[in-house]
Asker: 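Structure incoming, see below.
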Amino acid sequence: MARYDPSEIEPRWQAAWEADGTFAATREEGRPKYYVLEMFPYPSGRIHMGHVRNYTMGDVVARYKSSCGFSVLHPMGWDAFGMPAENAAMERGGHPRDWTYGNIADMRAQMKPLGLSIDWSREFATCDPEYYGQQQAMFIDFLEAGLVYRKNATVNWDPVDMTVLANEQVIEGKGWRSGAPVERRELTQWFFKISDFAEELLEALDGLENWPEKVKLMQRNWIGKSRGLQMAFGLVDGPEGFDRVEVYTTRPDTLMGASFIGISPDHPLARALERDTPEVAAFCAECRRMGTSEEELETAEKKGFDTGLKVRHPFDEAWELPVYIANFILMDYGTGAIFGCPAHDQRDLDFARKYGLPVTDTFVALEGGAPVGDVAFVPPKTEKVRWLKAFAWDEVATGEEAVDAAIRFCEENGVGQGVTKFRLRDWGLSRQRYWGCPIPVVHCDACGVVPEKKENLPVELPYDVSFDKPGNPLDRHPTWRDCACPKCGAPAKRETDTMDTFVDSSWYFARFTAPHAATPTDMAEAEYWMNVDQYIGGIEHAILHLLYSRFFARAMQITGHLPEKAREPFDALFTQGMVTHEIYMTRDDKGRPVYHLPEDVEGGKLKATGEPVEIVPSAKMSKSKKNVVDPVSIIESYGADTARWFMLSDSPPERDVEWTAAGAEAAFKHLGRVWRIAQGIVEEMESGGGIAAYESEGEGAATDGGDTLDLRRALHRTIHDVTMGIESFGFNTSVAKLYAFTNVLAKSKAALAARREAAMVMAQLMAPMTPHLAEEIWAMLGGEGLIANAPWPKADPALLVEDTVTLPIQINGKRRSELKVAKDLPKDEVEKLVLADDAVIKALAGGAPKKLIVVPGRIVNVVI
RNA sequence: GCCCGCGUGGUGGAAUUGGUAGACACAGGGGACUUAAAAUCCCUAGGCGAACGCCGUGCCGGUUCGAGUCCGGCCGCGGGCACCA
């Protein structure tokens, strides 16, 4: 008997799809469309299992929707700009462009054998001048629409390498290459005005019904709408030009518990003091040695510097509070100054204890309210508390009520103003790097900042650059910078900043609808294909990428590049989990960990030396931990269908999946079994004289003891369950149902025609997951045309109906017995049967039940 | 530190969304076939107990006739924190 041989089957069917043009996305007015998109990959050079999982999920949806009659758009491209290309050029020589395009070629070659139903004719890379030229055109439109501006912002500066560092390049406050302490530095940078859309981006989240709640919640918190009080503390003998400190607070109700004023080291007052006081300058310099990330600020040890200045409390002229410069206060949020209320904020409390500042309780818990010790009392704002220092509300009130009353009181007494603020900051898009989309503007001495003329786009990156020196090669390029002013023609300088790579990925979904249009989008195409019906990607993009894309869709709509309906570009979002693997580790002579590839380990020992390895629990596959499995070698040994099947089985798509060699082996065995079952049916047909002879055999179903009917019932139940699984992103349950049906089919004694039909339908149900094997079985059993073009099977409702159900009988909530009854048996009939049940009679011991709960078709509970 | 998730047998997980916990599979044990092995097929299988049983979904508590599912607190792990993509 022949064997299941994916290495022979898979290329054959891929060629057949190619020849048929099965996956070309065609715009057919009048036919419903479906746009499936997986977040496009960064071309690192090797695909990994995470890609296999991500793209397989998208492929299941794409193939399924196609079978359901939709015109499907399922494209692929490359998020090709970014730091790794420059790092590679610095570390190994070569050019970012060559490195990137080489990687794209490699990854495409690794991806094609997966048999994904992708329309490869739409492929592009964000580093293609054709793509980024259109991005530049849009940037100019955004600029003219007032959506872009310049302002100063802080960056991480490496004083040795003389270069700007990304947050991930700052390790424990030091530059990753130079090891030098990082400084904060101000640069003039380009910004998108995303904050103008804060309210709109927040409110529109409610309309995203098919987005995970957790993602919407994360975005809500990120946008961070708050209602608070903006007020001033009068400064006592402040330096020249400073008579007050403006603060913004969301807890004005705790004003009577104020203990100190904290200002950012970048606050104008701190800057002024810095000029005259060396101690202040030293402290601020120390603060500025921290990185710029919020995480670093928040986790660093809280430090303050007492400026010696005092402010007056607005409610009491005689009450003076000290002014501290504190390292954890952000100049970017609010006013860059806070008042500290230690009793009701843990950070303020830690600070107060450290510097011996007073801690005043303004409210306590209703019951057993004790004064604050080492833990601040921070109940939910909706909880009622007892106020010790209320100044405009009842003794017992919630935080919310108190805040409202405090704002009203302060406004009436001229102490401050109630304001709404957003945490969301404008999107800084400037990068001082080479490998990104050049910002298409020119700096002219006479005209200022002038956008490049659209006919001169793309402003292309020069190829002749070197990476032997740190910093941006565009800055030191001999000729590229020099140009003529687009307005007056005088000699001028090009902008050398390039765009954040998030810009590239904020509109690629729109570009896929017309990847080679001479404008950023083609409205007729966008009108047909938008929105993305199903977007699939990692949860790590829950905030930035998705929020930026939502902003871009709005900006593109305002500038005429997208239709109104694409304001929210992604109708449905699914966030898939990671692929994890155990980590194998030994230690070097200094006790430092040394990691080993799974392929070098066998039976807990290194293959080469026999040295035992420590097994570290599973984590996301990463090169540095070497817990990676190469999809290419998996495909070589088992075939793409096995890799796909395994990635879909067992773990729910939104959760992490652990790659195990045993699991892959099991998936392969199962596909072999399915193939053999089909082969067996073929052999029976051949020995019995061909398919035609069996066409009418199913009619005799009643004569075979019900086997044929049983098989058909199981089949239609499977059609129903598998379809539901795919529709609801429960691919693992679809796979489990297919396993179960395989067991039924393998044992079935049904008529041959019924078994043939069952095998063919099973192949159809498997086709979105294991498309090559499905085509092979379909062809073996005499199916017409490609299974990829066959319509999705429909479950016959008549075969799904079950006339009897088994009702579990619980006694006091524990299952004690069961009852087989007609499905629609009335409640009182069920009750009679329950009371006649042996176990119930025994438990009642002659008494009557306290309560009898009958949930029709589900369960019975007898309470005694 | 802040925001958001997740936690079920030896393992991955299922559970009609408040209704029989452990579907389906992996690993294990037993058997068939084979000179033998591989491959394949069949049976078994949460823990404890000899059995009618008792315990059991990270931990503690609550709501309910009934909780893996809802609520409160804790522990552990993961994602994000604005220049990684």
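In what follows, chains are A, B, ... by sequence order, proteins preceding strands, each numbered from 1.
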Asker: Heavy-atom nearest nucleotide on RNA chain B for F81(A) versus A740(A): which residue maps closer to 5'?
Answerer: A740(A)
Asker: Would you classify G538(A) as touching base, sugar-phosphate or nothing, given that sugar-phosphate means primed atoms plus P, OP1 and OP2, and contacts are heavy atoms under 4.0 Å?
Answerer: nothing
Asker: Rounded off to whole Å, could you give me the OH-to-P distance for the Y42(A) and A85(B) pair?
Answerer: 7 Å
Asker: In terms of ring plane angle, is the pair F351(A) and F328(A) parallel, tilted or perpendicular, where the classes change at 30° and 60°?
Answerer: perpendicular
Asker: Ignoring backbone atoms, establish whether R425(A) has a side-chain N or O less than 4.0 Å from OP1 or OP2 of A82(B).
Answerer: no
Asker: What string of B, S and - do you get for nucleotides 62-70 of chain B, 5' to 3', if B is base contact, S is sugar-phosphate-only contact and - is no contact with any protein heavy atom under 4.0 Å?
Answerer: ---BS----
Asker: Are the aromatic ring centres of F191(A) and W427(A) under 6.0 angstrom apart?
Answerer: no
Asker: Reckon A542(A) touches a base, only the sugar-phosphate, or nothing at all at heavy-atom distances under 4.0 Å?
Answerer: nothing
Asker: Ignoring backbone atoms, establish whether N221(A) has a side-chain N or O less than 4.0 Å from OP1 or OP2 of C4(B).
Answerer: yes
Asker: Hey, where does RNA chain B pair up into stems, meaning at least three consecutive Watson-Crick or G-U pairs with distances under 3.5 Å?
Answerer: B:1-7 with B:75-81, B:10-12 with B:24-26, B:28-32 with B:40-44, B:46-48 with B:53-55, B:58-62 with B:70-74
Asker: How long is the line joining CG of N743(A) and P of A23(B), in whole Å?
Answerer: 13 Å
Asker: Rounded to the nearest Å, what distance is computed from the CD atom of residue Q576(A) to the P atom of nucleotide C6(B)?
Answerer: 16 Å
Asker: Taking the six-membered ring for Trp, is the centroid-to-centroid distance between Y535(A) and F574(A) below 6.0 Å?
Answerer: no
Asker: Under 4.0 Å, heavy atoms only, any strand: does P652(A) hit a base, just the sugar-phosphate, or nothing?
Answerer: sugar-phosphate
Asker: Should the ring pair W99(A) and Y42(A) be called parallel, tilted or perpendicular, given that the plane angle runs from 0 to 90° and is split at 30 and 60?
Answerer: tilted
Asker: Nearest heavy-atom pair of P43(A) and D79(A): which atoms, and what distance?
Answerer: CD-O, 3.3 Å
Asker: Is the ring pair H541(A)/H545(A) parallel, tilted or perpendicular, if the boundaries are 30 and 60 degrees?
Answerer: perpendicular
Asker: Using whole Å, what does the distance between atom C1' of nucleotide A82(B) and atom CZ of F502(A) come to?
Answerer: 8 Å
Asker: Are Y548(A) and F192(A) near enough that their ring centres are under 6.0 Å apart?
Answerer: no
Asker: Nearest whole Å is fine: how far is G1(B) P from I329(A) CD1?
Answerer: 19 Å
Asker: Just call it for W222(A): base, sugar-phosphate, or nothing, with non-hydrogen atoms closer than 4.0 Å on any strand.
Answerer: base
Asker: Does T501(A) make a side-chain N or O approach to OP1 or OP2 of A85(B) shorter than 4.0 Å?
Answerer: yes
Asker: Return the value, rounded to whole Å, for the distance between atom CG of D650(A) and atom P of C26(B).
Answerer: 9 Å
Asker: Does G13(B) have OP1 or OP2 under 4.0 Å away from a side-chain N or O of S651(A)?
Answerer: yes
Asker: Distance check needed: C4(B) C1' versus L546(A) CG, whole Å only.
Answerer: 14 Å
Asker: Between G5(B) and A39(B), how far apart are the two P atoms, rounded to whole Å?
Answerer: 45 Å
Asker: Name the residue closer to the 5' end of RNA chain B, choosing between E295(A) and Y739(A) according to the nucleotide with the nearest heavy atom.
Answerer: Y739(A)
Asker: So, F81(A) versus Y132(A), ring centres under 6.0 angstrom or not?
Answerer: yes
Asker: Tell me the interatomic distance from F741(A), atom CZ, to A25(B), atom C1', rounded to whole angstroms.
Answerer: 18 Å
Asker: Once each nucleotide of nucleotides 37-58 of chain B is scored for protein heavy atoms under 4.0 Å, what B/S/- sequence comes out, 5' to 3'?
Answerer: ---SSS-----------SS---
